[in-house]
Amino acid sequence: MKALHLINFTGGPADLFLPPLRARGFAIDDVNPHHDPLPPSLDGYDVLLVTGGTANTHETDRYPWLEPEVDLIREAVARATPVIGLCLGAQLLTKAIGGTVYAVERPEVGWHEVRTASEAAHDPVLGALPSSFVAMQWHSYACELPSSARELAANDVCVQAFRAGEAAWGTQFHIEVTRDILLDWQRQGGDELAAHGYDEARFARELDLHLEHHMAIGRDMAERFAAVAARVARPA
């Protein structure tokens with residue numbers, strides 16, 4: 001079994017989602033489209049992970065790999081190949097299923113509340129989400145879903161999680177992150193964090209306050225997603 005891991009930002013792998021897949025026997029191919037060629041199709045792959053990044057979905061002239069990624073995601077949805085899209089990945093998934101990505105009036109950077117829809121309780125991947133929680137955000141665009149998708153979480157800014165088709169999920173929040181990833185983002189994006197009220201002291205304080213619970217949610221989602229992927233790849 002093989003998983004395709006599209007790392008759209010070098011410092012932003014889907015870290016929490018990889019160990020449960022490996023534990024179930026998946027080999028993981030890491031592809032960074034900034035310098036690696038994308039596969040022409042998903043032939044030979046059983047799972048697709050699409051990470052966040054600094055690109056925006058409309059910047060196809062600057063990032064010519066965006067449209068081929070959308071094509072791969074569209075292929076995955078059509079095949080019912082399990083997909084997890086994270087931040088930019090969720091926006092690319094939205095495009096692939098016929099939705100719209102738009103600029104939000106108020107970007108979310110840092111820790112922001114998310115409210116879970118009651119329907120999420122029955123979802124195989126998001127089923128253990130608390131009714132509300134604080135999630136790491138870093139985005140200025142958001143998803144307007146087509147009628148075929150189901151919204152599973154939101155806040156006052158935008159849709160925060162959804163399911164598309166049989167086995168595709170997107171989260172606008174960065175549920176994949178670890179402490180090391182966030183410290184790297186702080187080093188790279190300290191000016192933007194500061195512009196949104198996160199100086200070094202506040203960033204460190206809220207990291208300690210929120211990260212343990214955030215990672216527990218992420219690990220649960222990752223385990224559930226890996227279990228779905230294994231069932232699809234090896235049906236009983």
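Remember, predicted model here, so these are calculated numbers, not experimental data. Position 1 is the first residue of the sequence; numbering continues from there.
- Considering only heavy atoms from C-beta on, V177 stays 4.5 Å or farther from M215 through its side chain.
- Dense packing is recorded around CD of Q188, with more than 12 heavy atoms of other residues, nucleotides or ligands lying under 6.0 Å away.
- A salt bridge links R24 with E223: at least one charged nitrogen is closer than 4.0 Å to a carboxylate oxygen.
- Side chain of H139 to backbone of E108: no donor-acceptor contact under 3.5 angstrom is found.
- At least one side-chain heavy atom of R163 sits less than 4.5 Å from a side-chain heavy atom of P124.
- Y141 forms part of a hydrophobic cluster together with V101, judged by ILVMFWY side-chain heavy-atom separations under 4.5 Å.
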Legend entry - Check against side chain to side chain contact (heavy atoms under 4.5 Å, CB included), D46 and V232: CA-CA 8 Å; D46 304 286; V232 172; over 6 Å; no
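- For A27, the side-chain contact (heavy atoms from CB on, under 4.5 Å) test picks out K2, with sequence neighbours left out.
- Taking 4.0 Å as the cut-off between side-chain N and carboxylate O, K95 and E69 do not count as a salt-bridged pair.
- Of all the heavy atoms in A142 and C158, the pair that sits closest is CB-CB, 3.5 Å.
- Not counting sequence neighbours, the partners of F173 by the ring pair (Phe, Tyr, Trp, His ring centres under 6.0 Å) test are F133.
- Listed by chain and residue number, E206 satisfy the salt bridge (Lys or Arg N to Asp or Glu O under 4.0 Å) test with R202 (two or more places apart in sequence, or in another chain).
- The other members of the hydrophobic cluster of V159, by chain and number, are L4, L6, V31, L38, L42, Y45, L48, V50, Y63, W65, L66, V70, L72, I73, V77, V83, L88, L92, L93, I97, L145, F162 (side-chain heavy atoms under 4.5 Å, ILVMFWY only).
- Residues satisfying the salt bridge (Lys or Arg N to Asp or Glu O under 4.0 Å) criterion with R219, sequence neighbours excluded, are absent altogether.
- Considering only residues two or more places apart in sequence or on other chains, H213 meets the ring pair (Phe, Tyr, Trp, His ring centres under 6.0 Å) condition with none of them.
- Counting heavy atoms from C-beta outward, V125 and V228 have side chains that approach closer than 4.5 Å.
- Listed by chain and number, the residues in a ring pair (Phe, Tyr, Trp, His ring centres under 6.0 Å) with H174 are W185 (sequence neighbours excluded).
- Legend: residues meeting side-chain contact (heavy atoms from CB on, under 4.5 Å) with D43, ordered by chain and number and at least two apart, are S41, E75, R79.
- Nearest approach of T178 to L211, heavy atoms of both residues: C-CD2, 4.4 Å.
- L193 is listed as a side-chain neighbour of W138, based on a closest heavy-atom distance under 4.5 Å.
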Inset, instruction - Start with the C-alpha gap between V134 and H112, add the side-chain angles, then the distance that decides, and say whether side chain to side chain contact (heavy atoms under 4.5 Å, CB included) holds. - result: CA-CA 5 Å; V134 177; H112 294 267; 5.9 Å; no
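- Checked by atom type and distance alone, the side chain of H5 never pairs as donor or acceptor with a backbone atom of P13 at under 3.5 Å.
- Under 3.5 Å, the side chains of T10 and N32 contain a donor-acceptor pair of N or O atoms.
- A233 approaches F26 most closely through the heavy-atom pair CB-CZ, 4.2 Å.
- Ion pairing of D156 with R115 is present here, as a side-chain N (NZ or NE/NH1/NH2) and a carboxylate O approach within less than 4.0 Å.
- Considering CD1 of I84 and OG1 of T51, their distance stands at 11.5 Å, rounded to 0.5 Å.
- Hydrophobic clustering (ILVMFWY, side-chain heavy atoms < 4.5 Å, transitive): L183 and F9 are in one cluster.
- Ionic pairing of D208 and R179 is present here: one or more N-O contacts between side-chain nitrogen and carboxylate oxygen are shorter than 4.0 angstrom.
- Side-chain contact between E119 and D123 is absent, with no heavy-atom pair separated by less than 4.5 Å.
- Legend: residues meeting salt bridge (Lys or Arg N to Asp or Glu O under 4.0 Å) with D30, ordered by chain and number and at least two apart, are absent.
- Here the closest heavy-atom approach between residue G52 and residue N8 is recorded as O-CB, 3.2 Å.
- Two residues are said to be in side-chain contact when any heavy atoms from C-beta on lie closer than 4.5 Å; H58 and T60 fail this criterion.
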Inset, instruction - For the pair M221 and L126, evaluate side chain to side chain contact (heavy atoms under 4.5 Å, CB included) and give the outcome as yes or no after the intermediate values. - result: CA-CA 6 Å; M221 283 182 57; L126 277 68; 3.9 Å; yes
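- Counting only N and O atoms by type, the side chains of Q160 and Q137 include a donor and acceptor under 3.5 Å apart.
- Minimum heavy-atom separation, C87 to Q172: SG-NE2, 3.3 Å.
- Across all their heavy atoms, A80 and A167 have their closest contact at O-CB, 4.0 Å.
- A 4.5 Å side-chain heavy-atom check between L129 and I217 finds at least one atom pair inside the cut-off.
- Residue pairs meeting the ring pair (Phe, Tyr, Trp, His ring centres under 6.0 Å) criterion with at least one partner in residues 191-211, sequence neighbours excluded, are W111-H210.
- Taking Ile, Leu, Val, Met, Phe, Trp and Tyr as members and joining any whose side-chain heavy atoms lie under 4.5 Å apart, directly or through other members, the hydrophobic cluster of V157 also contains Y102, V104.
- Side-chain atoms of T171 do not come within 3.5 Å of backbone N or O of L86 as any donor-acceptor pair.
- Neither side chain, E113 nor N155, offers a donor N or O lying under 3.5 Å from an acceptor on the other.
- Annotation: E166, atom CD; neighbour count of heavy atoms from other residues, nucleotides and ligands within 6.0 Å does not exceed 12.
- L49 has its side chain within reach of V47: a pair of non-hydrogen atoms, C-beta onward, lies under 4.5 Å apart.
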